[in-house]
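Reading through the structure tokens given below for one structure.
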Amino acid sequence: MILGFFLPWIAFFAILVLHVVLPARWVDGYVRDDRDDRDEPLRYRLNGLAVLVAAVGIAVVLVAVHAAPADELWRHRWAELVGACVFGLLFTAVLVLPAPSTGKPLLADLYLGRRENPRWRGGMVDAKMWLYLAGAVLLELNVLSFAAHQDLAIGHLSAAVVLSAALLTYFVVDYLTFEHVHLYTYDLFAERVGFKLGWGCLVFYPYFYCVGLWARAGKPDPHAPTWLLILAGVVFAAGWMLARGANMQKFIFKRDPSARAFGLLAPRAISDGERTLLCGGFWGAARHINYLGEILMAVGITLALGVPGDPLPWLYPLYYVGLLVSRQIDDDRRCAAKYGVLWDEYRARVRWRIIPRIY
Ligand code: NDP
């Protein structure tokens, strides 16, 4: 119980150490550094993939030398969840309370945060990027340990658990491969660091995103039909193409508005003479087709478990629908305020919010 409680604390500390000691690249972000009237991009130190490989490597060695069973994280999962919750709450309090108030009630400050871009040692550790890294790496360790539990419990790995774990692994590796692209996302430029981001990354991300495996890894092999597994893979791949394609197209456009995305898509854009918005390619199909992609990936991961009648794994895609629909509404409001009539023109040209011809 005590060990389980502190396992996520140990993992977060180890991830921090790996992040600091492993080689990294420095990358210009999208957020402007306006301290002392600098007005230059904030620089980020990124090495997510190396940290993931090192963390998984350490876990494999621990299992190989019999220091821990392969399903250690599965065994303690409830105590770990409590430990991660407490860590997430402490993290929020330590980051928010000493900072100057935003003028909002204390609870709102605690939830949304006060500081926009807390960072230490000249950007060596950026709070937001470390939070995402910690969440992603612990999620992956959970995925591997939960899958290992099935192998130890029933003597083999079902095709369903293998596929679902593989797709979740792909999701994590993809995020860490494109960490630099995520410097251009909403959380980075529009949110502060409080409970929502801190607790979300430290607790919700590593423990809820694998809710399907949590629900199924202790159950017998569902002997999922091949067609269902193929369907799951196709839905996931379609979602990945939409999410990654749209994010990359915007990333390329923001860095060089005249560049062709993927060497193919000419940048179709509208402008008010000062600012520009993409209205072609992925961004011409719907204003947030990347959100549709993200939801489809979650549906693929859920279908891969081979038990579409079990409601628990569906909590994951359902959560995405709630998160991303409300985020689209927030982002639309933000963009309307920022871009004014140009946003109205974009909305008139691209009518669909998330799903072309439906929503
Ligand atoms: P977007 O990547 O869609 O970013 C929205 C911002 O992009 C807007 O605020 C605006 O910023 C700019 N923008 C919007 N439309 C255009 C346009 N037509 N042309 C140029 N710029 C435009 O949203 P998010 O940052 O929310 O999401 C990024 C990715 O992260 C998505 O794939 C999303 O699904 C994913 N995500 C994943 C989550 C997860 O848990 N797995 C959670 C949340 C998001 P500006 O003012 O700078 O122009």
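Since the model is a prediction, treat every value here as computed from it, not as a measurement. For ligands, and for the atoms within them, numbers begin at 1 and follow the listed sequence.
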Please say whether [X] places an N or O atom under 3.5 Å from an N or O atom belonging to ligand 1.
{"X": "Trp343", "answer": "no"}
{"X": "Tyr319", "answer": "no"}
{"X": "Asn247", "answer": "yes"}

For [X], take its heavy atoms, then give the atoms of ligand 1 lying under 4.0 Å from any of them.
{"X": "Tyr209", "result": "39 (C), 40 (O)"}
{"X": "Cys335", "result": "8 (C), 9 (O), 10 (C)"}
{"X": "Lys250", "result": "1 (P), 2 (O), 4 (O), 6 (C), 7 (O), 12 (C), 13 (N), 21 (N), 22 (C)"}
{"X": "Arg327", "result": "24 (P), 25 (O), 26 (O), 43 (C), 44 (C)"}
{"X": "Tyr346", "result": "18 (N)"}

Side chain of Arg119, backbone of Val125: donor and acceptor closer than 3.5 Å?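 Between the backbone of Val125 and the side chain of Arg119 there is no qualifying donor-acceptor contact (under 3.5 Å).
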Do side-chain atoms of Ser145 reach the backbone of Asn142 as a donor and acceptor pair under 3.5 angstrom? no
Determine, for [X] against [Y], whether the closest basic-nitrogen to carboxylate-oxygen distance falls under 4.0 angstrom.
{"X": "Lys219", "Y": "Asp310", "value": "no"}
{"X": "Asp174", "Y": "Arg244", "value": "yes"}
{"X": "Asp331", "Y": "Arg327", "value": "no"}

Give the residue and atom name of whichever protein heavy atom lies nearest to [atom], and the separation in Å to one decimal.
{"atom": "atom 27 (O) of ligand 1", "result": "Tyr291 CE2, 3.7 Å"}
{"atom": "atom 48 (O) of ligand 1", "result": "Tyr339 OH, 2.4 Å"}
{"atom": "atom 5 (C) of ligand 1", "result": "Asp331 OD2, 3.3 Å"}
{"atom": "atom 15 (N) of ligand 1", "result": "Trp283 CZ3, 3.6 Å"}
{"atom": "atom 30 (O) of ligand 1", "result": "His182 CE1, 4.0 Å"}
{"atom": "atom 21 (N) of ligand 1", "result": "Lys254 NZ, 3.2 Å"}
{"atom": "atom 28 (C) of ligand 1", "result": "Thr185 CG2, 3.3 Å"}
{"atom": "atom 35 (C) of ligand 1", "result": "Glu294 OE1, 3.3 Å"}

Looking at ligand 1, is there an atom of it that comes within less than 4.0 Å of some heavy atom belonging to [X]?
{"X": "Tyr30", "value": "yes"}
{"X": "Leu188", "value": "no"}
{"X": "Arg275", "value": "no"}
{"X": "Phe189", "value": "yes"}

Between [X] and ligand 1, find which residue part has any heavy-atom pair under 4.0 Å and reply side chain, backbone, both or neither.
{"X": "Leu323", "value": "side chain"}
{"X": "Cys279", "value": "neither"}
{"X": "Tyr186", "value": "both"}
{"X": "Tyr184", "value": "neither"}
{"X": "Tyr320", "value": "side chain"}
{"X": "Leu278", "value": "both"}
{"X": "Phe171", "value": "side chain"}
{"X": "Arg287", "value": "neither"}
{"X": "Asn290", "value": "both"}

What about [X] and [Y], are their ring centers closer than 6.0 Å?
{"X": "Trp78", "Y": "Trp214", "answer": "yes"}
{"X": "Phe171", "Y": "Tyr175", "answer": "no"}
{"X": "Tyr346", "Y": "Tyr339", "answer": "no"}
{"X": "His76", "Y": "Phe5", "answer": "no"}

Decide yes or no for [X] and [Y]: does some side-chain heavy atom of the first lie under 4.5 Å from some side-chain heavy atom of the second?
{"X": "Phe251", "Y": "Tyr30", "value": "no"}
{"X": "Asn290", "Y": "Leu242", "value": "no"}
{"X": "Leu163", "Y": "Leu305", "value": "no"}

Charged tip of Arg77 within 45° of Tyr207 ring normal and under 6.0 Å: no
Identify whether Val53 and Phe178 are in the same connected component of the hydrophobic contact network (ILVMFWY, side-chain heavy atoms under 4.5 Å). no
Flag yes if more than 12 heavy atoms outside Leu106 fall under 6.0 Å of its CG atom; otherwise flag no. yes
Over 12 foreign heavy atoms within 6.0 Å of CD, Glu116: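 Atom CD in Glu116 is not packed in, count stays at 12 or less.
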Just to confirm, does any protein heavy atom lie below 4.0 Å from atom 38 (C) of ligand 1?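 No, there is none.
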Gly29 to Pro41 - nearest heavy-atom pair and separation: O-CB, 3.4 Å
